[in-house]
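Just below is one structure, and these are the notes that go with it.
Worth knowing before you read on, the calculation uses all heavy atoms, side chains too, and leaves out hydrogens, waters and symmetry mates. The chains referred to below are lettered A, B, ... by the order of the sequence lines, with proteins before strands, and numbering in each begins at 1.
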Amino acid sequence: MIATIKRRTLLCAAGAALLLSAAAVSGRQPNAAAANSRQIAIENFAFVPATVTVTAGTEIVWVNHDEEPHTVNSIDTAAAFKSPPLDTGDKFTFVFSRPGRYTYFCSIHPHMVGTITVK
Amino acid sequence: MDNEHALSAGSSRRNLLKCLAWAGTGIAWTVAGGVPQGSEIGFGTAALAASRGFTFVQISDSHIGFKGAVNPMPDATLQQALDHIARLPLRPAMMIHTGDVSHLSKPVEFDAAQQILKGAGLDIHYIPGEHDVIGDDGKEFFARFGGMRRAPGGWYSWDQGGVHFVALVNVLGFKPATGGTLGAAQIEWLEKDLRPRSASTPIVVMAHVPLWPVYPPWGWATDDAAQALRSLKRFGSVTVLNGHIHQVVQKIEGNVSFRTALSTAFPQPAGGRGPGPGPMKVAADRLKALLGLRAVNYVPGVGVAETDITLA
């Protein structure tokens with residue numbers, strides 16, 4: 001049990017570190033097509049963080065850190081985004097230009113659900 | 001869980017069922033004449049040799065294209081599974097593959113899988129896993145592995161060796177936060193398919209995702225399975241063979257026996273053990289004991305008996 005908790009803590013720390021490094025990278029090298037960039041990690045069968053709020057025009061980059069493939073599939077038709085299967089290390093990018101609330105899931109593991117709120 | 005506990009004469013039905021719920025630790029279960037009998041995986045071939053009747057084999061979750069550290073060569077382990085089949089004391093009449101033939105639905109993966117599986121020299125009946133239908137709703141999969149007799153949704157049935165086989169597809173139409181889905185059209189088709197058959201016909205159902213809730217938080221369940229099972233209840237012998245979870249788990253409910261199969265590529269943890277249903281990391285010398293195939297023997301008047309055989 002102790003081992004499990006330790007592992008979870010480590011994984012959380014790893015996730016946080018990834019997000020911090022992503023922010024740092026986009027800060028130094030802003031993408032030409034998007035005003036801002038946010039990274040969402042796919043790890044341990046979850047989108048991390050699962051809920052993200054950004055401003056219109058933000059580019060979201062999903063990166064798969066699992067050994068399992070995952071997809072990023074929008075549920076809402078307003079902004080249909082659908083990634084190809086993302087193998088380990090693969091990225092998928094989508095620019096959210098219109099305000100709204102976009103829910104998405106992994107079509108291979110449907111219990112994986114995330115939400116992007118664009119303001 | 002231990003074998004003795006499940007088999008001790010005094011153990012109650014509840015205890016037996018509790019033990020049957022997780023059989024992923026190395027016990028295979030066979031059913032002959034309605035009496036569950038445990039046998040250690042790998043030692044069942046002698047029993048198979050002694051039996052008569054009609055034999056077929058099940059392989060599952062070959063995941064050709066997987067490159068994870070636990071088994072970067074799933075093509076080699078699939079080949080080893082076929083080698084085991086070639087050494088079975090009774091030559092199987094055919095093979096079923098319960099899905100996830102490929103890892104990423106790529107044509108190159110399907111090509112490699114077809115090349116290896118052709119070597120078995122057996123008639124193979126396929127159904128897709130969710131890894132086989134990524135991005136195209138199974139178009140590529142069905143073009144390669146679909147027969148002429150299939151319904152538009154990919155499901156089908158056939159009769160062989162006195163058994164009625166039903167192949168169901170429950171990996172299309174995934175919706176957020178759900179498990180596998182059969183859909184109303186397939187459930188209606190199943191009712192019609194079974195209606196003219198007598199209750200004494202042995203039924204074997206194959207589907208990728210388990211047709212009972214093994215562990216719903218990881219999607220190890222088929223949401224509308226209960227509706228499909230209603231039309232199976234009147235039959236005296238129903239065997240449901242699933243894949244998806246890369247370990248042997250069994251449940252018996254009335255005349256219906258549910259069994260998931262080992263993968264030929266990589267093991268997965270028991271439901272809820274760990275952060276998710278990904279490949280389970282095991283030492284290289286343990287891997288083959290967690291991969292395998294299943295031989296199924298049907299003896300008229302006796303019943304259906306399964307033997308899980310590991311690659312160890």
Where is the tightest heavy-atom contact between [X] and [Y], given as atom of each residue plus distance?
X       : Y       : answer
F105(A) : F174(B) : CZ-O, 3.5 Å
H103(B) : E67(A)  : NE2-O, 4.1 Å
G135(B) : K82(A)  : O-NZ, 4.1 Å

> Tell me, side chain or backbone of L104(B) under 4.5 Å from chain A's heavy atoms, or both, or neither?
Replying inline: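 Answer is both: backbone and side chain atoms of L104(B) are under 4.5 Å from chain A.
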
>> Using heavy-atom distances under 4.5 Å, tell me whether P85(A) contacts chain B through its side chain, its backbone, both, or neither.
In response: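 Both parts, heavy atoms under 4.5 Å.
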
If you look only at distance, which donor and acceptor atoms sit under 3.5 Å apart when one is on a side chain in residues 106-117 of chain A and the other is two or more places apart or in another chain?
residue, atom, partner, partner atom, Å
S107(A), OG, T71(A), OG1, 2.8
H109(A), ND1, H70(A), ND1, 3.0
H109(A), NE2, E68(A), OE1, 2.9

Please set out all donor-acceptor pairs under 3.5 angstrom arising from side-chain atoms of residues 175-185 of chain B, sequence neighbours excluded.
residue, atom, partner, partner atom, Å
T178(B), OG1, K175(B), N, 3.3
T178(B), OG1, K175(B), O, 2.5

> Is any side-chain heavy atom of P277(B) less than 4.5 Å from a side-chain heavy atom of F45(A)?
Replying inline: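 Contact flag for P277(B)/F45(A) side chains = yes.
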
> What pairs meet the salt bridge (charged side-chain N to carboxylate O under 4.0 Å, His left out) rule with one or both residues in residues 99-115 of chain B, with sequence neighbours excluded?
Replying inline: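 Non-adjacent pairs meeting salt bridge (charged side-chain N to carboxylate O under 4.0 Å, His left out): D111(B)-R144(B).
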
>> Please output the residues of residues 63-81 of chain B in contact with chain A, using a heavy-atom cutoff of under 4.5 Å, in numerical order.
In response: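 F66(B), G68(B), A69(B) fall under the 4.5 Å cut-off.
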
